[in-house]
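I'd like to ask you about the structure that follows.
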Amino acid sequence: MNRKNIVLEHSLQQAIKIYSNADDASVYVANKIAQIIKTKQEKGNLAVLGLATGSTPKGVYKELVRLHQSEGLSFQNVVTFNLDEYYPMHPVEDQSYVSFMKHNLFNHIDVPKNQIHIPDGTLELNAIQAYCDLYEKKIADFGGLDMQLLGIGRSGHIGFNEPGSLQGSMTRLVQLDDITRKDAADDFGGAEHVPTQAITMGIQTIVQAKQIFLLALSERKAEIIKKALKGEISPEVPATFLQQLEHVEYVLDQKAAALL
Ligand code: PGA
């Protein structure tokens with residue numbers, strides 16, 4: 001191993017936090033997010049949070065709801081941008097990420113509704129790119145994301161940036177990978193009913209966030225976590241682009257970290 005690799009290996013080790021169970025990992029991330037919100041509150045500023053969906057962040061949201069309900073954490077100064085949404089998708093559908101976010105977080109906290117942003121899955125095809133450009137502009141107008149929460153798909157995706165996504169990609173319409181559609185099959189009553197497309201923030205949108213937390217839980221993620229953290233940086237595993245950053249924390253339970 002040459003010196004550069006040793007330095008990289010050292011900083012990677014510092015970026016990895018391994019918890020004995022999923023709850024502890026989730027509480028750690030929730031407390032980090034709460035700290036960002038409170039620090040911004042003290043300065044009279046907005047906290048701009050990039051949020052994720054899927055089974056992984058549910059424990060983080062549960063703890064944030066608890067902090068709101070039992071410890072008085074206010075979300076009045078919070079602005080949110082979700083990573084992605086299926087396309088096409090109507091917000092009232094059970095599988096929409098709008099429904100997910102309401103159910104798991106927004107209905108239980110005091111974030112002002114007009115400060116919530118989730119990609120719109122109801123647009124006409126020819127209106128999508130302009131909408132995506134505006135999504136980017138809105139993030140920039142708020143001064144960028146203070147924090148981005150990420151899960152990781154077994155395809156190696158972050159957001160819905162599937163294999164083949166470029167480092168410079170921005171918010172856009174994408175095709176979903178077969179693995180991703182298979183993993184969503186239960187939610188839709190069969191993989192064939194999972195939409196084939198989605199709107200997602202890009203890799204570039206994500207890496208510009210000031211702080212990034214990638215949370216991975218359970219043995220189902222062990223293999224992709226090994227590739228994402230230790231594999232060659234490549235569009236074939238989009239999460240590997242995070243290896244180049246100093247402001248990422250990989251928060252894992254022991255099962256997801258088993259192959260590191
Ligand atoms: P999951 O999805 O949390 O449901 O495993 C993660 C992701 O696809 O990013």
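Ligands are counted one by one from 1 in listed order, and the atoms in each one are counted from 1 as well. All values derive from a computational prediction rather than experimental measurement.
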- Of the protein's non-hydrogen atoms, which lies at the shortest distance from atom 3 (O) of ligand 1, and what is that distance?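 The answer is Thr56 OG1, 2.4 Å.
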
- Under 3.5 Å side-chain donor-acceptor pair for Glu162 and Thr180: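 Distance-only check passes for Glu162 and Thr180.
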
- Salt-bridge present (Lys62, Asp23; N to O < 4.0 Å):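 Asp23 and Lys62: not salt-bridged.
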
- Are Arg172 and Ser165 linked by a side-chain donor-acceptor pair shorter than 3.5 Å?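 A pair is found: one side chain offers a donor N or O, the other an acceptor, under 3.5 Å apart.
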
- How does Leu150 reach ligand 1, by side chain, by backbone, by both or by neither, if only non-hydrogen atoms under 4.0 Å count?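 Neither; nothing of Leu150 gets under 4.0 Å from ligand 1.
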
- Task: Tell me which protein heavy atom sits closest to atom 7 (C) of ligand 1, plus the residue, atom name and distance to 0.1 Å.
- Result: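 For this ligand atom, the closest protein heavy atom is His157 NE2, 3.4 Å.
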
- Which residue supplies the protein heavy atom nearest to atom 6 (C) of ligand 1, what is that atom called, and how far is it?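 Checking every protein heavy atom, the shortest distance to atom 6 (C) of ligand 1 gives Ile152 O, 3.5 Å.
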
- Message: To check your reading of the model: name the closest protein heavy atom to atom 5 (O) of ligand 1, its residue, and the distance in Å.
- Response: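 Ranking protein heavy atoms by distance from atom 5 (O) of ligand 1, first comes Lys221 NZ, 2.6 Å.
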
- Indicate yes or no: does Asp141 engage Lys137 in a salt bridge with an N to O separation below 4.0 Å.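 Salt bridge present between Asp141 and Lys137.
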
- Message: Between the side chains of Arg66 and Glu63, is the shortest nitrogen-to-carboxylate-oxygen separation below 4.0 Å, so that they form an ion pair?
- Response: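 Here Glu63 pairs with Arg66 in a salt bridge, since their nearest N and O are under 4.0 Å apart.
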
- What is the ring orientation for Phe75 with His68, classed by angle as parallel under 30°, tilted 30 to 60°, or perpendicular over 60°?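 Because their plane-to-plane angle is over 60°, the rings of Phe75 and His68 count as perpendicular.
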
- Message: Show the atoms of ligand 1 that are less than 4.0 angstrom away from any heavy atom in Ser55.
- Response: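 Under 4.0 Å from Ser55, ligand 1 has these atoms: 1 (P), 3 (O), 4 (O), 5 (O).
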
- Task: Give the numbers and elements of all ligand 1 atoms closer than 4.0 Å to a heavy atom of Gly153.
- Result: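 Those of ligand 1 that fall under 4.0 Å from Gly153 are 7 (C), 8 (O), 9 (O).
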
- In terms of atom number and element, which parts of ligand 1 are under 4.0 angstrom from non-hydrogen atoms of Gly54?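 Those qualifying, in numeric order: 3 (O), 4 (O).
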
